[in-house]
Amino acid sequence: MPDNCFIRKIKNQLMGIKARTRVKEALSSKEYGKELTLKGWVRTRRGNKKIAFISLNDGSTINNIQIVADVPLFGDALLKKITTGSCISVTGELKESMGKGQNVEILAKKIELYGTADPSSYPLQKKGHTLEFLREIAHLRPRTKTFGAVLRIRHAMAYAIHKFFNDKGFYYLHTPVITGADAEGAGEMFRVTTLDISNPPMTEDNKVDYKQDFFGRETNLTVSGQLEAELGALALSEVYTFGPTFRAENSNTPRHLAEFWMIEPEMAFCDIEDNMDLAEEFLKYLLVRLLDQCGEDIEFLAGMYDEELTNRIRHVAENEFIRISYGEAVDILSGSGQKFEFPNHWGADLQSEHERFLVEKHFKKPVIITGYPKEIKAFYMKQNDDGITVRAMDVLFPRIGEIIGGSQREEDMDKLEKRIKEMNIPRDELWWYLDTRRFGTAPHSGFGLGFERLMLFVTGMSNIRDVIPFPRTPNNAEF
RNA sequence: UCCUCCUUAGCUCAGUUGGUUAGAGCACCUGACUGUUAAUCAGGGGGUCCUAGGUUCAAGUCCUAGAGGGGGAGCCA
């Protein structure tokens, strides 16, 4: 019977990696006396003439492992080069630690220096840095505890999203990143072109001649995969997308990115109630999994940035979401006695302050609001019989506001066409979308979850630029 | 895009009613120290006070414009 170590060796060989133990594995091992090889980046080195202590991290866990090096054995020259930020390989014996602060350590027998990091120019110090400063060195910030934690959580959430939908029988649909449609009206778009923008070909009536462009037409980066996801749902029944999304809005807020990731499930034979059920189950699933799998990282972020983080996650995971109509929300707001900067009235969209009041003060739970006036929502949303509201739903979370926006879709060809006309949407560009209503239409629903909004909630970070590795915002596309 | 606050050493910041040579902590460099825990102790080097104008005998400090950043708002996910 092969032991775990043997299996790991085989796995590592398959991956083309020489046998190496990850820091996470070493820290939880009790095989004292065993010789291990660890590789990683140095967080700090301290000590005296006789003995040196090196904190090593390889990103497998938030915790560092302590390497103990006998100074005479390795020599001053080598140890002096092992500074914060340098990369080393250490082979040594796993030991119970004599010192406080860690259970195990590695007594080094061999140290190989892969890469030095000049201490006078390496920007990361062992002291804490502000998040604003770290944004300027986004190429190095994954080496900090905070961003290590955030990126591990980001991975865990992305994986959990795929697992949730896969286990429910959804198919992952790859919708296009480059789109020819500018119909959804979800926001300003980034143009995609290979034309020489300083000297584009012109038509006779002095307009840019996109017929000569790469695709023979105007194209943009997608603002949503929803319309294409509907095509998938009306064939495979349940699909979801999970991909990059682009908005060229000049939004300068801690909640907006020009490039972000969105998850959009779309389900045939599904009404607005089923849609809300799925959204709630989905979010709770992710939170439970998060607490189960990312405990140490969450604990660190809670201690560092947000004392209430764990409680808030648990509270949302364990409580029913409140479900109210737009009309009820308006009544609660006007009857609340609360003074708002922008007083609300029926027909106007809810302001951030209104959403926060409902979620954080009035209900103290996530709230799902449905039945918005059709005037303030998109053309594709299913119209209610009252003729004035649509089956939209917004899921509002504490701290971050709208985390999900969705709806039951209008499957009736006549109603949909009428709405397209009323809202002046170019019908010709949507012939393929309308075809699904011509041929075998079906009731269906879906929603969009902003991945980074979810990340804000689960990490306790307060700026969306700190939950994506390389944020793109107005005036910033470095790295 | 609007409102508001900020920008001084590598980092985080102090700098009085405008007044000599702009400071601190950490980091860095040198040295000391036999098990450290963001090690400790002693010493040292380090400045385009965001940029450009202006007011003044004198500007880090006051005024104007611009750039960058934070927070709030709008748009939204």
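Order of the sequence lines sets the chain letters (A, B, ...), proteins ahead of strands, with each chain counted from 1.
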So A/Phe165 and A/Phe282, would you call those rings parallel, tilted or perpendicular, with 30° and 60° as cut-offs?
tilted
Taking atom C1' of B/rG69 as reference, at what distance in whole Å does atom CG of A/Asn475 sit?
11 Å
Please test A/Thr91 against A/Thr37 for side-chain hydrogen bond (donor to acceptor under 3.5 Å, both in side chains), starting from the C-alpha separation and ending with a verdict.
CA-CA 4 Å; A/Thr91 302; A/Thr37 297; 2.9 Å; yes
Between B/rA38 atom P and A/Met304 atom CE, what is the distance in whole Å?
12 Å
Without decimals, in angstroms, what is the distance between A/Glu341 CD and B/rU4 P?
13 Å
Please evaluate the base of B/rC75 for a donor-acceptor partner in the side chain of A/Ser251 within a cut-off of under 3.5 Å?
yes
Check whether any side-chain N or O of A/Arg465 sits under 4.0 Å from OP1 or OP2 of B/rG70, and answer yes or no.
yes
Is a salt bridge present between A/Arg154 and A/Asp297, judged by a nitrogen-to-oxygen distance below 4.0 Å?
no
With respect to the phosphate group of B/rA73, does any side-chain polar atom (N or O) of A/Arg255 fall under 4.0 Å of OP1 or OP2?
yes
At 4.0 Å (heavy atoms only), tell me whether A/Gly128 reaches a base, stays on the sugar-phosphate, or touches nothing.
base
Measure the shortest side-chain to side-chain distance between A/Leu290 and A/Met157 over non-hydrogen atoms and say whether it is less than 4.5 angstrom.
yes
Checking B/rG31, B/rU36, B/rC75 against the side chain of A/Lys80 (C-beta onward), the nearest is B/rG31
Sugar-phosphate, base or nothing in reach of A/Phe133, heavy atoms under 4.0 Å
sugar-phosphate
At under 4.0 Å, does any side-chain N or O of A/Gln351 touch on OP1 or OP2 of B/rG74?
yes
At under 4.0 Å, does any side-chain N or O of A/Thr130 touch on OP1 or OP2 of B/rU12?
yes
If you only use heavy atoms from C-beta on, which nucleotide in B/rC26, B/rC76, B/rU1 is closest to the side chain of A/Asp349?
B/rC76
Look at the side-chain N and O atoms of A/Ser352 and state whether any lies under 4.0 Å from the OP1 or OP2 oxygen of B/rG74.
yes
What distance, rounded to whole Å, do you find between the two P atoms, one in B/rC6 and one in B/rU61?
14 Å
Test item: A/Leu140 and A/Pro123 side chains (from C-beta on) under 4.5 Å apart, heavy atoms:
yes
Would you mind reading off the distance between A/Phe53 atom CZ and B/rU34 atom P, rounded to a whole angstrom?
13 Å
Measure up the A/Tyr326 and A/Trp346 rings against each other and bin them: parallel (under 30°), tilted (30 to 60°), perpendicular (over 60°).
perpendicular
Map A/Lys377 and A/Thr84 onto RNA chain B by nearest heavy atom, then report which one ends up closer to the 5' terminus.
A/Thr84
When you compare B/rG23 with B/rC33, how far apart are their C1' atoms, in angstrom units rounded to a whole number?
30 Å
Side-chain touch A/Leu56/A/Ile106, heavy atoms, less than 4.5 angstrom
no
Taking B/rU48 as the reference, what is the distance to B/rU1 when you measure between their P atoms (whole Å, please)?
31 Å
Per the 3.5 Å Watson-Crick/G-U criterion and a run length of at least three, the stems involving RNA chain B are B:1-7 with B:67-73, B:10-13 with B:23-26, B:28-32 with B:40-44, B:50-54 with B:62-66
Nearest-angstrom distance, P atom, B/rU36 to B/rC41:
15 Å
Are any of the side-chain heavy atoms of A/Arg465 and A/Asn476 separated by less than 4.5 Å?
no
Distance-only donor-acceptor test (3.5 Å): side chain A/His256, base B/rC76:
yes
Taking B/rU7 as the reference, what is the distance to B/rU16 when you measure between their P atoms (whole Å, please)?
12 Å
Could you check whether A/Leu257 gets within reach of a base, just the sugar-phosphate, or nothing at all, counting any heavy atom under 4.0 Å?
base
Non-hydrogen side-chain atoms of A/Leu278 and A/Phe170 separated by less than 4.5 Å:
yes
Looking at A/Asn250, I'd like to know whether one of its side-chain N or O atoms comes within less than 4.0 Å of OP1 or OP2 on B/rU1.
yes
What are the residues of residues 278-288 of chain A, sorted by number, that bring a heavy atom to within less than 4.0 Å of RNA chain B?
none
Base, sugar-phosphate, or nothing for A/Glu452, non-hydrogen atoms under 4.0 angstrom?
nothing
CA sep, side-chain torsions, deciding dist, call: A/Tyr380, A/Glu230, side-chain hydrogen bond (donor to acceptor under 3.5 Å, both in side chains)
CA-CA 11 Å; A/Tyr380 50 73; A/Glu230 287 188 46; over 6 Å; no
Verdict with supporting geometry, A/Ser97 and A/Glu105, side-chain hydrogen bond (donor to acceptor under 3.5 Å, both in side chains)
CA-CA 6 Å; A/Ser97 180; A/Glu105 61 191 21; 2.8 Å; yes
Taking any heavy-atom pair under 4.0 Å as a contact, classify A/Glu105: base, sugar-phosphate, or nothing.
base
If each of A/Phe342 and A/Met98 is mapped to the nucleotide of RNA chain B with the nearest heavy atom, which maps nearer the 5' terminus, i.e. the 5' end?
A/Met98
Take atom CG of A/Asn63 and atom C1' of B/rA38, then tell me their distance rounded to the nearest Å.
15 Å
How about A/Phe470 and A/Glu259: do any of their side-chain heavy atoms sit closer than 4.5 Å?
no
N/O (side chain, A/Arg356) to phosphate O (OP1/OP2, B/rA73) under 4.0 Å
yes
Categorize A/Thr44 for me: base, sugar-phosphate, or nothing, with a 4.0 angstrom heavy-atom threshold over every strand shown.
sugar-phosphate
Between the side-chain atoms of A/Asn48 and the base atoms of B/rU36, is any donor-acceptor pair under 3.5 Å?
no
When only distance counts, do a donor and an acceptor, one from the side chain of A/Glu132 and one from the base of B/rU12, lie under 3.5 Å apart?
no
Holding to ring pair (Phe, Tyr, Trp, His ring centres under 6.0 Å), I want the full list of residues that pass it with A/His162, two or more places apart in sequence or in another chain.
A/Tyr172, A/Tyr240, A/Phe242
Between CZ of A/Arg45 and P of B/rC29 the distance, given in whole Å, is 9 Å
With a 6.0 Å cut-off (strictly less than), is the heavy-atom count around NZ of A/Lys284, excluding the residue itself, greater than 12?
yes
Distance in angstrom units between A/Tyr372 OH and B/rC76 P, rounded:
12 Å
Are A/Lys126 and B/rA27 close enough that a side-chain N or O sits under 4.0 Å from OP1 or OP2?
no
Base, sugar-phosphate or nothing for A/Pro254? Non-hydrogen atoms, less than 4.0 Å.
sugar-phosphate
Write down the distance between CD (A/Glu353) and P (B/rA73), rounded to a whole number of angstrom.
8 Å
Does B/rG70 have OP1 or OP2 sitting under 4.0 Å from an N or O in the side chain of A/Arg135?
yes
Check whether any side-chain N or O of A/Asn463 sits under 4.0 Å from OP1 or OP2 of B/rG71, and answer yes or no.
yes
Distance between C1' atoms of B/rG47 and B/rA14 (Å, rounded):
15 Å
Inter-nucleotide C1' distance (B/rA65, B/rU55), Å rounded:
15 Å
Suppose you measure atom C1' in B/rA58 against the same atom in B/rA38; what distance do you get, rounded to whole Å?
44 Å
